[in-house]
Every structure is written in C-alpha cells, then in structure tokens.
Amino acid sequence: MVGSGILKGLAETARNFVGSYASEERMTTVEYPEEKLPRIEASRNFPFLVFDGDDWHAGMRCVSCQICEKECPPKCIYIEKSTDKKPDAVGKLQNYPARFDIDISVCMSCQICVEVCPFDAIKMDNAFEYFATDRFGDLVLDKQKLSRSNEYYHQIHPTEAANVDAELAAARAKAAPKPAAPAAAAAAPAVAKPAAAPEVTASTANKPAANDPAKESNG
Amino acid sequence: MSATATLPPAAMLLDSEEGSQYLEISMGPHHPSTHGVFRMNVVLDGETVIKLKPVFGYLHRNHEKIAENETYLGSMPYTDRLDYFCSLTNNWGYALAVEKLAGIEVPERAEYIRVITAELTRLQNHASLVGFLMQDMGASGTPLMYAFREREKILDLFEALTGARMMCNYMRFGGCRCDLPAGWLDWAKKVVASFPKFLDEFETLLVGNEIIMARTQGVGVLSRELAISAGITGPMLRASGVNYDLRKVDKYGIYDRFSFRVPLGDHGDVYDRYMMRLLEMRESLKILEQAMKDIPEGPFTDPKTKVRNFRPKPGEAYGRIEAPKGELGYYLISDGSPNPYRYRVRPPSLINLTVLEDMCLGRNVADVVITLGSVDIVLGEVDR
C-alpha cells in the first residue's frame, strides 16, 4: 500500500515523542544554566600554570625553559626568562618566567604544551564559562591570571594530578640526598630548603591581592 | 561563465542559441544546503540544470603550507580540522604516513584502540550524514536530531578518552597519546550495544518511506566507469558497484583480523549512497564488537619514539586509510629536518565532489541539493 512507509515512520516519531516524556533514557537534553551535566574528567580547553602551596608566584612550577613556546603549533605562548632564580617544585634553583602570556584567542586547545613540559608546570583547564569584553586585551592572559593551585588541578583532573604528584614526590626524594653527599655540614640546610624556600622569595615577588585566581575563574 | 574581477550578481540572464534565456544562479557560499561555504554556479534552462560549476576555496586555510613550517607533531592538531567530523581518522591517516616514513612499529594495544576509535568515528559520521541528507530533502529536524542524539553518545566517549569532542588530537606516531581510562571500554561496549536499536528505528523511520524513495531513486546517478576514472572513493564508489575498500585492499593496521563485509550498491544513485551508509554502520558495529572483545593489555605507544626533536630520515611516504568519506591520504617528503619538506593531503571530499556536475546535469535544482548532500562533503577538507 502506498503510504504505509510514511505511516510506519510517523508511528516511530510518535513513539519517540511520547517516550521523551516517559523514559529517562530518551530525555537527552538538560536545562543548561539551571542544570549542568557533570564535567568529564579528561576534558580540556585552555592551559593554566600550576603552583604549589599558597603563593602563586613562589610556588610556580614553571622554570621558563620555553619548550612549550617553541612547540606550540599556533604559537600562542610568549615567555620572557627572569634574570634571577628561585627554587622550583623539586627545590633546585631555577629561572622563572618574568612574563608568561597565552593568547587564548589563538590557542587551539591541542594540549601539546602539556605533553612537552618536563616540569609538569602547565596543564589543561576545563572551566568553560569564560567571557571577555575586550577582544584584544582580555584574551591575552598573563602569568597571574594563568596561575591555578595544585588543589584546583586535583579538583578537575583527580587521576592525572595524583600521578603527577607521585612523580614529583619521587623526583624530590631523588634530588634531596644529592647535595648532602659532597659536604656533610651542608646536608641539613639543603634538605630543609624545599620547604623553607618559598617564603624567602615570596617577599621579592609582587604579591597579588588576596583574590585566589582559581576561585575567580570558577565564579 | 569566465571568472571576472568583479563579483557576479546572484542571478543573471544569459542568452541561449534558440533565442530564449538561461538563468545563472549562484548557490552559496552561504546557502543552508551547501554544508558549509561551498558555492555552485548553476545555469538553468527553466528548472533544468544545464551547467554546474563548483567554486571552492572560501575556507582555504593554507593547511599544507602550515604543516611544512610546523614540526611533525605540530601538524597533528591541524589534521583534526580537515574533516572536523572525523578527527580521529584524520589523525590515524597522518600518523600512518609518518610511521611509514620513519619506520615506527605500533604496539598491539594501540592498533586496537585505533580501530575502535576509527569505527566509532565512522558510526557518528554516517549517522549525521544520513540526518543531514534528510534535512536537505525537507524532513526538517526529526531524523537529524535522532542522529545527533546518537552522535552525542559517541562524542561523550571521545571526550572521556581524548579530552575533546571533535578536535581530538589523539593519535601519536607509534601509538596513541594516552591509554583508555578506567571503565571506558565498558561504557563504549554499552554504547555500541545500544546502537543497533537506533539503526532499526532509523530504518523504520526512513527506508520504506515513499517520499524518500521518490526523491532519491534514479537521482544523481554516477556510473561505474565514471566513478573509477574520476578517482572516486569511499561509500560513493561502492554505491556505484565497485568493490574497493582500503580496509580490505590495504589491510592497514590490523583490519585483516576482523570479519566484516563491504556493502555494495547497484545503481549509483542517491538512494544507494544513502543505503550504503546505513549498511556500513552495521558492519562497523561488527568490527567494534570484535575489537572490543579482543583488545589486549600492553603499552599504548611505542616507547622508543620521541615526542620532541622528531626527525625522520630523508625519504618519502604515502599513508592512506579508509576514512568515512573515502580514501584519505597523506604524502610526506622528509629532508631530515624537524619539519616535512612537502606535506600533501589527498582529501576524499574534494575528489568526490569533482563529478558533481555529471551527476546533476538534466535534473532540477532540488535534486542538486540532495545529490550534493549524498556526496558527503566537509568544507574543512575540501578547501584545506
């Protein structure tokens, strides 16, 4: 019979229509601003810089090796090396970025900076509710705006962050006994250094106001 | 019809030999039926198409030149943006070319992960293509939304695995970027198990529909001879009755381990091309089931391959795979430096589009729209 194919199709549509009210499985959409789907752990959008401890500048893991700047495919990272040094996550004296800018209007979220970073200093964020009112200034994020605490990293990528912390702890354990070996007298301060060091350099750094960048981005 | 410096008006009258007038219209680049920014200059005699000239390049992004100035790894995220529906197969094609160039072995597990992700990509590409085709035919919304509902489930899988829904950037030379996260395989198995239900639903909705048959059967016929001589590949070639599937011909990766059939068409019309997609989805499900059952434990990437300072020896290589749209090939020449000397993409969409005029001549404008829809183009790949 001509038209039976159409009727069969319409019956299927009707089944879907009624089903969307009755079965949970067929309800595929959510009312976005009121209701949010849980974020998928692996999801990524823009990079951020990880810092340990409370002070974003003192705890910054980045040693400004500029590998990410070189490897970034669309070249959206701009780094200036510092002239002085501060201890890094492992406790070794290293340079830090005097300037670290990412133009997120150029960034294509490819994650290659994360893959090539040997210091686990740059990671991918998954906060997507960003806005900017200025097309040029606001989308270039400086190092303070890019900084996020390690706790925030744990919050958004728990599995990955736990692995990174374990690796860093292993590196720290390996690095700590080394300075102790040549001179026994120097052993004590060298071991104590990683914990004590951030406070020393914090005074030289321009401390930001109490606002936590991690909280700011989530609000 | 010659290209002039000034932009032509959207429609103009041309004198014919018989004294009547032809109408030349410009369809696109911002026409909803053209799947992006594709333009056709169509000359009409009444309602009949007597000439059709495709105009490309509105989305040209210098893809090949960028890749020649980029490290080998740096081109990987750009390949996502060729055919943005199927970034994982694009990644695979490129990785395959570089692996051939540098002679890299891929571990077993990585091969399985690649097959699983590529077949999931094929599922979501074909599902949304059928939805779009119905949209072009005037079935506004419903089939497309059903297809997108299923596609969304697969995109969620991609996001959990690669971190992104569409711009996955997941394959690496010698393997994949990361291993399957915990629980991913079970989740994927669930999605694959529920997919035949959707296909049944889709087929009840569409396959027997008289309007669809009237609109598609005998429309946009591509003969077997023309398809072969024009270098058409993919479901479009198979709809014309040519048994050529790179998964069977090349057996790249580990495709020789799976049992699946290659659906073939008979008439080469829009209906066959549409059925080809539906049937291929069923075969993809078979491959997926086998791959998910057999996937071994082990490393997900070749540990000897460096991420940085990757410099293959001078030479050339051509890697090709059966992407959902056809044969996707990457041709690379290395001069031993960190970036390729020459990088060339063979885009299936562009080459499948070259026979558009032959399929449309003598039909009317509404048929042009669905013929274009059945070719399955993505402008990111056509224009590069």
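Throughout, a chain's letter reflects where its sequence line sits, starting with A, and its residues are numbered from 1.
Considering only heavy-atom pairs separated by less than 4.5 Å from chain B, the leading option among A/E71, A/K75, A/R15, A/K8 is A/E71. When the candidates B/G74, B/S75, B/P143 are compared by the number of heavy-atom contacts under 4.5 Å with chain A, B/G74 comes out ahead. Comparing B/T71, B/L73, B/T142 by heavy-atom pairs within less than 4.5 Å of chain A, the highest count is held by B/L73. The most heavy-atom pairs under 4.5 Å with chain B, out of A/L10, A/N45, A/I67, come from A/I67. Heavy-atom pairs under 4.5 Å with chain B were tallied for A/N16, A/I6, A/I112, A/T13; the largest tally goes to A/N16. The candidate with the highest count of non-hydrogen atom pairs below 4.5 Å against chain A, out of B/M213, B/E203, B/M76, B/E201, is B/E201.
A salt bridge links A/D125 to A/R148: one of the charged nitrogens lies within less than 4.0 Å of a carboxylate oxygen. Between A/R99 and A/D101, at least one side-chain nitrogen of the basic residue sits less than 4.0 Å from a carboxylate oxygen of the acidic one, meeting the salt-bridge criterion. Taking a cutoff of 4.0 Å between a charged side-chain nitrogen and a carboxylate oxygen, B/R282 and B/D200 qualify as a salt bridge. Classification of A/R44 and A/E160 as a salt-bridged pair fails, no side-chain N sitting under 4.0 Å from a carboxylate O. Salt-bridge formation is detected for the pair A/R61/A/D52: a Lys NZ or Arg NE/NH1/NH2 atom is positioned less than 4.0 Å from an Asp or Glu carboxylate oxygen.
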Take A/K143 and A/E80, measure what salt bridge (Lys or Arg N to Asp or Glu O under 4.0 Å) needs, and give me the verdict at the end.
CA-CA 11 Å; A/K143 59 177 175 176; A/E80 267 173 30; over 6 Å; no

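Residue A/E41 does not touch chain B at all, counting heavy-atom pairs closer than 4.5 Å. With a threshold of 4.5 angstrom between heavy atoms, B/E70 approaches chain A through side-chain atoms but not through N, CA, C or O. Heavy-atom distances place no part of A/K70 under 4.5 Å from chain B, backbone and side chain included. With a threshold of 4.5 angstrom between heavy atoms, B/I66 does not approach chain A through any atom at all. At a 4.5 Å heavy-atom cutoff, the contact between B/T204 and chain A is made by backbone and side-chain atoms alike.
The stretch residues 156-171 of chain B places B/D156, B/E159, B/A160, B/T162, B/G163, B/A164, B/M167, B/C168, B/N169 near chain A, each with some heavy atom under 4.5 Å from a heavy atom of that chain.
Within a 6.0 Å radius of CD in A/E31, other residues, nucleotides and ligands contribute 12 heavy atoms or fewer.
Remark: the backbone N or O of B/P107 is not paired with any side-chain donor or acceptor of B/D302 at under 3.5 angstrom.
A cation-pi arrangement, defined by a distance under 6.0 Å to the six-membered ring centre and an angle within 45 degrees of its axis, is present between B/R149 and B/Y146.
Residues B/D186 and B/K190 have side chains not in contact (no heavy-atom distance under 4.5 Å, counting atoms from C-beta outward).
A ring-ring contact (aromatic ring centres under 6.0 Å, His included) with B/H63 is found for exactly one of B/Y330, B/Y343, B/Y94, namely B/Y343.
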